Engineer: 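Questions regarding the structure given below will be posed in turn.
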Number of protein chains: 2
Amino acid sequence: MRQDRGHEDIRLPLASSWRRIHGSVARDLGVAILSGRHAPGDVLPGEIEFSEQLKVSRTAYREGIRILSAKGLVESRPRTGTRVSQRSRWNLLDPDILAWAFEAEPSEAFIRDLFELRMIVEPAAAALAAERRSGLDIARMGHALEEMGRHGLATEAGRAADQAFHNTILEAARNGPLMALSSSIAAAVTWTTIFKYRQQDKPRDPMPDHRALYDAIVAGDPEVARAAMTALVRLALADTEMALRP
Amino acid sequence: MRQDRGHEDIRLPLASSWRRIHGSVARDLGVAILSGRHAPGDVLPGEIEFSEQLKVSRTAYREGIRILSAKGLVESRPRTGTRVSQRSRWNLLDPDILAWAFEAEPSEAFIRDLFELRMIVEPAAAALAAERRSGLDIARMGHALEEMGRHGLATEAGRAADQAFHNTILEAARNGPLMALSSSIAAAVTWTTIFKYRQQDKPRDPMPDHRALYDAIVAGDPEVARAAMTALVRLALADTEMALRP
DNA sequence: CTAGCTTATTTGTATGAGTAATTTCTCCGC
DNA sequence: GCGGAGAAATTACTCATACAAATAAGCTAG
């Protein structure tokens, strides 16, 4: 029996994984590395010592390290030990790494970088989506817009709908590697909202630009869609910049 | 059960990881998944059974699975077992996943997707690089161009120089998340060359468009750089398309 | 038929022993 | 002194075994 779980569980990327011990070891160490508490080049204590320090078995500790290693955060070799890799090796587009990076307040520079990426990727994705979107995509986007309008971005449901809207556009672009950027885009979207509401009492209404984008994609006009998304991201960027340097 | 490891030490992106047993378990299973031999939704045999089948200990097997799980390829839960995740969960931008995907001949659709991504990302990166490049960046790009010209893309050294050229541009864009796309770009670059040389005896000379791009970045003109990169990728795409549908 | 308990199965964790890789040190020949 | 081969020490890696925890499925009482 094939279960079609298209959209089902987008949030909580690997929620179950940090319920197990190896998962929380990875998460704790990952956050420590991303927040700079372990700098690139630093050598971690040996397996026996560190696992005892963390009060976990070597098995669980090693599995945690394996996770970090798979994401490029650390490298282990016999005799040398396990050391934090150079930043350039970190897979900054990995969903978990993004989540860990945002666990602590992320640096302004990182948020700017994500917006720059968003500005590059999303307009192009919107253009592709306008050409390739299916009826189902349109229905999902429409539903997301409704939800967004009904609940507003002040509620969890509204923010989830916003995420779903942007995510559906990426899906509609029908490009696997592009889709893999969704967590990065989602992170930028989330922090836009956070900053916007932190700064302003009566934030700008996000619905008009979203509706314009939706219309363009429904109409199947790639260039209009590209322009609409560019405008949308530019506005979001303006909101965020305002909060970043008050 | 074919456990042949084709070419042992030919290239070494993260060579150390598949030297250890857990690494080769991850690699073998990863290739099997990416090549479709284990489809999304499939449940793998139990740990004890499968690890015995692979002639490795349960510990090593589990560490391999942890690696795959960290990259989104599989999910394990007690009682249900370990199953291959939906494609949308795969982190297709992970360097290892790309390497595994290209271990077997990749699908045309995947190569097209990568090119689409390249066409989106690289022109924008070139524009940013033109604004932000340092003297060191320019020196590196210049050196890479020289090497490329001297050895030609028929040699390993020439191809490495090509990679280095494109990689330096991404670095010069001064954007961490963007840099993390380098392995995806590199994969597309590599397969361009492979297809080009497979198809044509006397392939198009890649130097003129590379030099034009280099000049634009040295001159610090973002729009010219963007245009030059767009032209370069378009040519590469044309070469590849020609090989894809003969 | 439902709610709740039981059970069986599978992954998760712990521990200890032993292996392999690799850096560093040492010693030998020169 | 100096360079290189070999020994030693340190560290991660692998293995085997035992037990714990989670959970889907089946069972039983109501």
Side-chain angles (χ1 to χ4, degrees), chain A residues 1-3 5 8-9 12 14-29 33 38 41-85 89 96, chain B residues 3 5 8-9 12 14-29 33 38 41-85:
Chain A
M1 181 197 305
R2 298 178 55 91
Q3 36 186 352
R5 38 196 318 206
E8 198 162 326
D9 31 21
L12 306 186
L14 291 171
S16 54
S17 53
W18 33 275
R19 302 179 73 92
R20 313 292 189 249
I21 294 187
H22 59 257
S24 56
V25 167
R27 174 183 155 282
D28 291 348
L29 269 175
I33 291 174
H38 294 291
D42 284 3
V43 177
L44 302 183
E47 280 184 351
I48 328 94
E49 181 184 345
F50 207 4
S51 59
E52 281 175 357
Q53 213 175 99
L54 299 174
K55 303 265 180 53
V56 302
S57 73
R58 264 179 57 238
T59 311
Y61 171 78
R62 280 184 55 82
E63 290 191 8
I65 290 292
R66 224 27 76 228
I67 295 175
L68 297 182
S69 161
K71 297 176 186 302
L73 287 184
V74 304
E75 282 167 292
S76 349
R77 312 172 55 187
R79 174 82 204 199
T80 334
T82 299
R83 65 178 53 203
V84 180
S85 310
R89 295 214 174 238
D96 290 320
Chain B
Q3 185 140 0
R5 17 189 77 117
E8 200 75 293
D9 289 345
L12 38 158
L14 290 171
S16 53
S17 49
W18 38 273
R19 287 192 167 300
R20 314 280 184 267
I21 293 189
H22 59 256
S24 58
V25 167
R27 172 183 157 281
D28 291 347
L29 267 175
I33 291 173
H38 295 291
D42 284 4
V43 176
L44 301 183
E47 284 182 346
I48 330 93
E49 180 185 344
F50 208 4
S51 57
E52 281 175 355
Q53 215 176 96
L54 298 175
K55 303 263 180 57
V56 303
S57 76
R58 221 184 122 207
T59 310
Y61 172 79
R62 279 183 55 84
E63 291 191 10
I65 290 292
R66 267 316 126 240
I67 295 175
L68 298 183
S69 163
K71 297 175 186 304
L73 287 183
V74 304
E75 281 167 291
S76 339
R77 308 173 56 189
R79 177 78 204 203
T80 330
T82 299
R83 66 177 54 201
V84 180
S85 309

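The chains referred to below are lettered A, B, ... by the order of the sequence lines, with proteins before strands, and numbering in each begins at 1. These numbers come from a predicted model, not from an experiment.
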Engineer: Provide, to the nearest angstrom, the distance between the CD atom belonging to A:Glu49 and the C1' atom belonging to D:dA12.
Structural biologist: 14 Å
Engineer: Is the shortest heavy-atom distance from the side chain of A:Trp18 to the side chain of A:Asp96 under 4.5 Å?
Structural biologist: no
Engineer: What is the distance, rounded to the nearest whole Å, between atom CZ of B:Arg83 and atom P of C:dT10?
Structural biologist: 13 Å
Engineer: Mind checking whether A:Ile65 and A:Phe50 have side chains closer than 4.5 Å, heavy atoms only?
Structural biologist: no
Engineer: Determine whether A:Arg89 and A:Glu75 satisfy the following criterion, side chain to side chain contact (heavy atoms under 4.5 Å, CB included), listing intermediate values before the conclusion.
Structural biologist: CA-CA 10 Å; A:Arg89 295 214 174 238; A:Glu75 282 167 292; 4.0 Å; yes
Engineer: Report the distance from atom CD1 of B:Ile48 to atom C1' of C:dG12, rounded to the nearest whole Å.
Structural biologist: 12 Å
Engineer: Contact between A:Ile67 and A:Glu63 at the side-chain level, heavy atoms closer than 4.5 Å - yes or no?
Structural biologist: no
Engineer: Using heavy-atom distances to pick each residue's nearest nucleotide on DNA chain C, tell me which of A:Thr80 and B:Thr80 is more 5'.
Structural biologist: B:Thr80
Engineer: Going from CD1 on B:Ile33 to CG on B:Leu44, what distance comes out if it is rounded to the nearest 0.5 angstrom?
Structural biologist: 6.0 Å
Engineer: How long is the line joining CD of A:Glu75 and C1' of D:dC13, in whole Å?
Structural biologist: 16 Å
Engineer: Working to the nearest 0.5 Å, report the span between CG of B:Leu54 and CD of B:Glu49.
Structural biologist: 10.5 Å
Engineer: Could you pull out the protein-nucleic contacts involving nucleotides 5-9 of chain D (nitrogen or oxygen on both sides, under 3.5 Å)?
Structural biologist:
| unit_1 | atom_1 | unit_2 | atom_2 | d |
| --- | --- | --- | --- | --- |
| D:dA9 | N3 | A:Arg79 | NH1 | 2.8 |

Engineer: Between the protein and nucleotides 14-17 of chain D, which nitrogen or oxygen pairs come in under 3.5 angstrom?
Structural biologist:
| unit_1 | atom_1 | unit_2 | atom_2 | d |
| --- | --- | --- | --- | --- |
| D:dT14 | OP1 | B:Ile21 | N | 2.2 |
| D:dT14 | OP2 | B:His22 | ND1 | 2.6 |
| D:dT14 | O4 | A:Arg58 | NH2 | 3.1 |
| D:dC15 | OP2 | B:Ser57 | N | 2.8 |
| D:dC15 | OP2 | B:Ser57 | OG | 2.9 |

Engineer: Please report the distance, rounded to the nearest Å, between CD1 in B:Ile65 and P in C:dT13.
Structural biologist: 15 Å
Engineer: Search all heavy atoms of A:Ser51 against all heavy atoms of A:Arg58 and return the closest pair with its distance.
Structural biologist: OG-CG, 3.4 Å
Engineer: If only side-chain N and O atoms of B:Arg77 are considered, is one of them under 4.0 Å from the OP1 or OP2 phosphate oxygen of C:dG12?
Structural biologist: no
Engineer: If you round to the nearest 0.5 Å, how far is OG of B:Ser69 from NE2 of A:His22?
Structural biologist: 6.5 Å
Engineer: In whole Å, what is the span from the CH2 atom of B:Trp18 to the P atom of D:dC13?
Structural biologist: 17 Å
Engineer: Students often get this wrong, so: under 4.0 angstrom with heavy atoms, is B:Arg66 touching a base, only sugar-phosphate, or nothing?
Structural biologist: sugar-phosphate
Engineer: Would you give the length of the straight line joining atom CG of A:Leu68 to atom CG of A:Asp28, rounded to the nearest 0.5 angstrom?
Structural biologist: 10.0 Å
